Every structure is written in structure tokens, then in C-alpha cells.
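Have a look at the structure below, then the notes.
Because only heavy atoms are used, hydrogens play no part in the values below, and waters and symmetry mates are left out as well, while side chains stay in. Quick caveat: nothing in here was measured; it's all calculated off a predicted structure. Reminder, nothing fancy here: chain letters follow the sequence lines and each chain counts from 1.
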Amino acid sequence: MIILTGNDLKTGAVVWWTGRAWSLQVDDAVDVGDQADAIARSEEAARHVNVPYAIEAEQTADGVRPAHIKDRVRALGPTVRPDLTLKPADPEAGNWVI
Amino acid sequence: MYRYDQYDQAMVDARVEEFRDQAQRRLEGKLTEDQFKPLRLMNGLYLQLHAYMLRVAVPYGTLSSTQMRALADIAEKYDRGYGHFTTRQNIQYNWIKLEDAADILADLATVEMHAIQTSGNCIRNISSDHFAGAAADEVADPRPYAELLRQWSSFHPEFSYLPRKFKFCVIASETDRAAMRLHDIGIRIVERDGELGAQFYVGGGMGRTPMIAPMIRDFVPLDQLVTYAEACLRVYNRHGRRDNKYKARIKILVHELGAEEYTRQVGEEFAHLLDQGIEPPLAELERIKGYFGDPDLPETGEEIDRSDPDFALWVERNTHPHKVPGHVAAVISLKPVGGIPGDATAEQMRLMADLAERYSHDELRVMHTQNIVLPHVAEADLAAIWKKLAEAGLAAPNLDTVEDIIACPGLDYCSLANARSIPVAQKISERFAATGKTGELGQLKLKISGCINACGHHHAGHIGILGVDRKGVENYQLLLGGSEAEDCSLGKITGPGFDEAGVVDAIETVTDLYLRERTDGERFLDTYRRIGMEPFKEALYG
Ligand code: HEM
Ligand code: SF4
């Protein structure tokens, strides 16, 4: 699947396109197919997102998993500071990142 | 240390307001990202892997306690409670919000700090010896010269759009503690027949094409220092390769022209510039020097009590001789075993500020090795300092050992990275702490970068590690034989890379070979230079 990511303009937080809005959780990301460019352009113009780009990902039983390691690190947070990730209380949270 | 005058303060304050307006216009959609990006970069604001990242300039790595406290406050108020000290003697914050950026710059301005020219193709933060003003072996404090160059280069219209980023370093000792020859321009202040002058090394750098700067002028009189620097920059600005980002650094120009021809062209430009009267009057240098006066340190000769072995080890490893007897420069290690090299929490920053205020004449230094120095400490105070550091997890006795690893942010934070650097550093320090070989290995400089840009100085490590991407998987190349010091050399790749666990094993293989082969007093680097790469290759790849 192709998903769309970017950074929130105001906060810089990594966000994922859910079909209607932007979410902090990669698992909310939807397949945008060949609509990536069009969505990216209109969302950027509306200042909902900064530097959006499309990436390859896979829908697994555990959730949406970006193909490239860099986007997996972006999705969760730094692998060396579990306390700063989106799931600080879950020691297993990062197992799919690397 | 240097204090802003009314002009400095007015410029920095004006810049904050200018940026506030720019950021506001971006938030309101009056500027596109393409329009805004160069403006935010001019103020040190990057967009990184997880958020905006702010790089704050720490000129020649010198900080007052007040400034360090302000950095702690920013970490707490606007970031996630910590900051990362870098190999350019700066600090970076990883979780900045665009909405807050102007307020942060305003807070910085209240303590004479900013983030101007910490990015972009301009003259960046000037680095220096972290023991400047304290070291027993310097001919002068190099910082007034660095400050003069800073004032000349900040906002210099001709050098705001160079072919590529530009880095100066100024030292004043035979011993090079600042990687001087790996800078675009390295300056060593030297003494000839009682006169001070500047020795120029031009065209060094790491990155994709690492080069050691050749010396191009042996002695530039101090009343021509800025003029000569200007001549060096002008020739580069004129002929640097703007067509190709990878060939745009001055090292490529010097290499392609040849040092001799480059020097000749600089000489011509210099002769021309001497007539233009661009050199600031020497009185200006004297005025600046006035800010860098030596602190009043009473000579003492008291023996210190070294009966606690942990304390004794810390004193042995983490202090450096001071020019005033009875004093030392004390190094606060930001490399606890298994920690993130260069990270410090807000509380740790405040503790370091307090210690500097109480015991080090209100001064701290950021080292390019991502540690912090208390430059002027009486030996009699070391025990008290060490005790407080130990309570805060800041007393790792590991300066210049295999555990004192430089690691760039790598794939955990950096959008340019190919592989992670930090976990590799963590695992290596854990391995050596566990096997207890750290002390036996002696001086061993290990440096890790997460990509070819070499922010972690891997080319200059006695052992270097370079993270590469092998079909989407992290892979680590091993380099041996680099040095950033006065015996400057570039490391060579051993052969095929390793995975994360493999590279930790490989380091141990390499160091075990050294322990078997070394002769008396040889550092790892010396043994490598004597026996060459082959035995190491043999041990690693069979
Ligand atoms: C985290 C974001 C960073 C980015 C995007 C970045 C970008 C780069 C780039 C593109 C280069 C190669 C320049 C060239 O050769 O033309 C470079 C080199 C370098 N950077 Fe960074 N860097 C980052 C972090 C750091 C950090 C944390 C430090 C310490 C302040 C640092 C210090 C250096 C050094 C020492 C070099 C080698 C320069 C040389 O000698 O050629 N960088 N960086
Ligand atoms: S060396 Fe590469 S990965 Fe490391 S900080 Fe520099 S640009 Fe990022």
C-alpha cells in the first residue's frame, strides 16, 4: 500500500493521513493509491501538514508498517529513548521498527 | 569571556523579531515552505526526523553558568527535558515546535546567545580548543582571535552565500585538541621571535571526500589576520564548485588547484586587499582580549587525598593540567556506560552550571567530543565536584578511552542518516565496561557516524565506524588509523561491513589484537601504524 506522511506545520510532529485528517498513529494510515500527490498538494496548501510525501507500507495483522526503516523510526520515535516514543509504557512497542 | 556590546545585542534582538514575523507568516500561510525554509535555516531551525530541530551556537564552545541554565530552561520549557551537545561545540534540541521557535530565540537573546549561522552555506560557529585559556601548553588564549573572526564573519554579506558551509577552527597549542586540520580553515596561533602570528591550514574536512588541510602560510602577522582570512574566502567564493554540491567544499578547490596554486591566488588577493584597509585596528583585538582575561587563581600546592580509588581514577583520567599550579581543567563526561553520547538533562545542565559558578569562575566549555569542561578548578575542590557529579550520573572516568565515544544522532534523529549510531555506541561502551578492558586499552578514540557526512568524525577515529544502508538494512563499516590530533591522519576501511552485533564483536577482535601486539607505551593508533592493516584484516575476516 501507499501511505502519506509529513510533519504537522505548527508542532513538527510526524503525522499520517487517515483519509479525512492527520493522525499521530501510523496504524491509522490508509492506502491513498494514486491520490498521493493530489492529497499532499491540497493538504499542504491548507497548512495542515508540512513536506508531505508518499511511502510504501504494508498492512499487517499488527498494524500499518512502513517499508523503510527510516519511516518506521519516524512512526514510533527514537529507538534509544522508549520514554520519548508514542508508546512509552510498552516495552514491546519498538519490536517492529528495526 | 566575551560579553555582547550594544551593537551585538541590538543585532541579535532585531534578528529575533525578524524571525518572529517570518514564522508567523509561515503559520498564517503567507509564506510557502519553499520560501520559509531558507529563512528558518538561517536561524538554525531544521526539520528533522521527528520534529523541528534547533541548533544553538556556542561560540568556541564557551558558556557561562547563566547561559547553561538558560539552555536547561529551554530544554524543559520547550523541548523534552534534555539537549544534545555536538561535535561542533554546539547544542541541539530535537523536539522543537515552530510555534515556539521565536520565543526560544528571544530567551536565548536574553543571555547573549542565538542560532544565527548554525546552518546554511555561510561561516559557521567557530570552534576552538576546549581548554583554551586554561591549558598549560598554549602560547596564548586562542579565543580572542576566534571572536575577532566571528565578528568579522557574522552577517558578512560576501560570505553569506558561499558554495558550501564553511568551518573555522582556532587553536594556540602544538597539541591539537580541536581537529584543527579537518576544518575548511584551521588557524594555529604561534610565536616567532616573541611575536604572535597565525599559521593557516586550508582545505581540510571530513564528509564524502575527507582531506587533511595543508599549511598554506606559516606566519600571518596578527594585524593582517582578518585580511588574510578574507583573501582565502574570496578565492574560494570565486572558484568554488557551485555546480556540484559534492565538490563544493574548499577542500576540493585546494585539491584540484593544488595547494601551491591556491596559495598563490590567495597571495595575489591578499596583496590587493592590504591596500583596501579592511583589517580592524589592533585596538579592537585588544578590546576583545580584555574580555578573556585570566581568572584570578591563587597558586596552591596542596596534595589531594586519593584514597578513594573511584575518585583517584576520575582525577587521573578526567582532569587536564592547568597553566596555574594547583589547578586543573576537569572534564564532565556525558558518556555514561550505555548512555547516549552528548545528551544532558535539564537537571544535569543546571548542576554543571552550579558547579561552574562555585568552582570554575563561572565558565564551562563544550568539547567537540561531546563532553563538558570546567576549565579553572582548584585541585582542592575536585573531591567535592566529583561527589556531586557522581550523584548525578556524570562522573564516568572515561576521557579518551574506548567508552568516550563520539556518536552523531544517526537514524534515531537525523533525516540524512543511513543507519543508527547511538545504539552502536551504547553497546560498545557496555561491552567494554563489562569485560573491564577499558583501562588496559589506554587512549583509544572511537567515533561513529550514521552516514558519509561524518558529523561523528569517523574518519578521524583511531577506530571509526560508518553506518551505511545495504539494501535497506543497517550495516557498519569499520575504519582504522584515523586521528584528529596533531598527528592527523584519515582512517582506512578494513573491508566488508558488519551488522550491529557484528561490529561490536569486530571492535573487540581489533582491540584484542592490539593488546597482543603492542609494545611498551604504544597506543592503539601507534600499534596500528607500526604493524599496518593486514594483521587486523586477518583477525577480522580470516
Ligand atoms: C542532525 C542534523 C544534521 C544534519 C542535517 C547534518 C548535515 C551535514 C551534512 C550535509 C554534512 C556534510 C557536509 C559536506 O561535506 O559538505 C555534515 C557534516 C558535518 N556535520 Fe553535520 N549534520 C547534522 C548533525 C550534526 C551534528 C549533531 C553535528 C555536530 C554539530 C554535526 C557536525 C558535522 C561535522 C563535524 C561534519 C563534518 C564536516 C566536515 O569536516 O566536512 N552535524 N553535516
Ligand atoms: S553523519 Fe549523517 S547521520 Fe550523522 S548527524 Fe551527520 S548527517 Fe546525520
Side-chain angles (χ1 to χ4, degrees), chain A residues 4-16 22-26 37 39-53 55-58 65-89 91 93-98, chain B residues 23 26-34 36-37 40 45-54 79-82 84 93-101 338-341 343 407 409-427 450 469 471-474 499-500:
Chain A
L4 201 55
T5 182
N7 294 75
D8 182 80
L9 172 63
K10 297 192 194 80
T11 65
V14 175
V15 289
W16 310 87
W22 295 89
S23 164
L24 294 173
Q25 309 293 337
V26 69
D37 268 0
I39 302 169
R41 258 179 283 133
S42 78
E43 284 297 304
E44 197 171 21
R47 288 176 288 125
H48 294 142
V49 70
N50 199 9
V51 288
Y53 61 99
I55 57 168
E56 290 268 354
E58 201 186 343
R65 301 299 178 237
H68 197 278
I69 178 177
K70 184 177 285 183
D71 295 306
R72 294 199 297 274
V73 176
R74 282 182 81 240
L76 189 74
T79 66
V80 291
R81 287 290 302 264
D83 58 317
L84 299 182
T85 65
L86 288 175
K87 294 179 178 153
N95 285 349
W96 50 271
V97 174
I98 298 304
Chain B
R26 173 65 185 125
L27 290 167
E28 288 165 3
K30 292 177 186 152
L31 291 177
T32 64
E33 183 64 9
D34 283 348
F36 180 60
K37 186 176 171 185
R40 68 168 157 75
L45 193 65
Y46 289 72
L47 187 57
Q48 278 295 337
L49 210 53
H50 305 296
Y52 294 96
M53 180 273 274
L54 182 71
D79 203 278
R80 298 198 178 177
Y82 76 109
H84 180 72
Y93 296 102
N94 289 309
W95 305 92
I96 296 300
K97 296 185 175 75
L98 178 56
E99 301 171 302
D100 293 335
I340 297 179
D343 274 12
L411 194 48
D412 283 299
Y413 292 99
C414 178
S415 54
L416 300 178
N418 289 322
R420 291 170 307 150
S421 313
I422 297 165
V424 177
Q426 290 175 312
K427 292 199 172 75
D469 177 342
K471 299 191 184 113
V473 178
E474 295 169 298
D499 64 15
E500 189 180 317

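Interface residue B/L411: backbone and side-chain heavy atoms are both found under 4.5 Å from chain A. Contact of B/F36 with chain A is not made at all, since no heavy-atom distance falls under 4.5 Å. Proximity to chain A is limited to the side chain of B/D469, based on heavy atoms less than 4.5 angstrom apart. Proximity to chain B (any heavy atom under 4.5 Å) is shown, for A/R74, by both the backbone and the side chain. In this structure, chain A has a heavy atom under 4.5 Å from the side chain of B/R420, while its backbone stays farther away. At a 4.5 Å heavy-atom cutoff, A/V97 makes no contact with chain B through either its backbone or its side chain. Neither the backbone nor the side chain of B/A23 comes within contact range of chain A; no heavy atom of the residue lies under 4.5 Å from a heavy atom of that chain. Only the side chain of B/E474 comes within contact range of chain A, judged by heavy atoms closer than 4.5 Å.
Contact annotation: the side chain of B/H50 never approaches that of B/N94 to less than 4.5 Å [non-hydrogen atoms, C-beta and beyond]. Annotation: side chain of B/I340 is in contact with side chain of A/R81 (closest heavy-atom distance under 4.5 Å). The shortest side-chain heavy-atom distance between A/I55 and A/W16 falls under the 4.5 Å cut-off. In this structure the side chain of A/L24 reaches within 4.5 angstrom of the side chain of A/V15, judged on heavy atoms. Under the 4.5 Å side-chain criterion, counting only non-hydrogen atoms from C-beta, B/H84 is not in contact with B/Y413. Between A/K70 and B/N418 there is no side-chain heavy-atom pair separated by less than 4.5 Å.
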Assess whether side chain to side chain contact (heavy atoms under 4.5 Å, CB included) is satisfied between B/L98 and A/K10, documenting all intermediate values. CA-CA 5 Å; B/L98 178 56; A/K10 297 192 194 80; 5.7 Å; no
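With chain B as the partner, the residue from A/A13, A/G77, A/A45 showing the most heavy-atom pairs under 4.5 Å is A/G77. The residue among A/V14, A/D83, A/L9 with the most heavy atom pairs within less than 4.5 Å of chain B is A/L9. Chain B forms more heavy-atom pairs under 4.5 Å with one residue of A/I69, A/V80, A/I98, A/L84 than with any other, namely A/V80.
The pair B/K30-B/E28 counts as a salt bridge, with a side-chain nitrogen and a carboxylate oxygen less than 4.0 angstrom apart.
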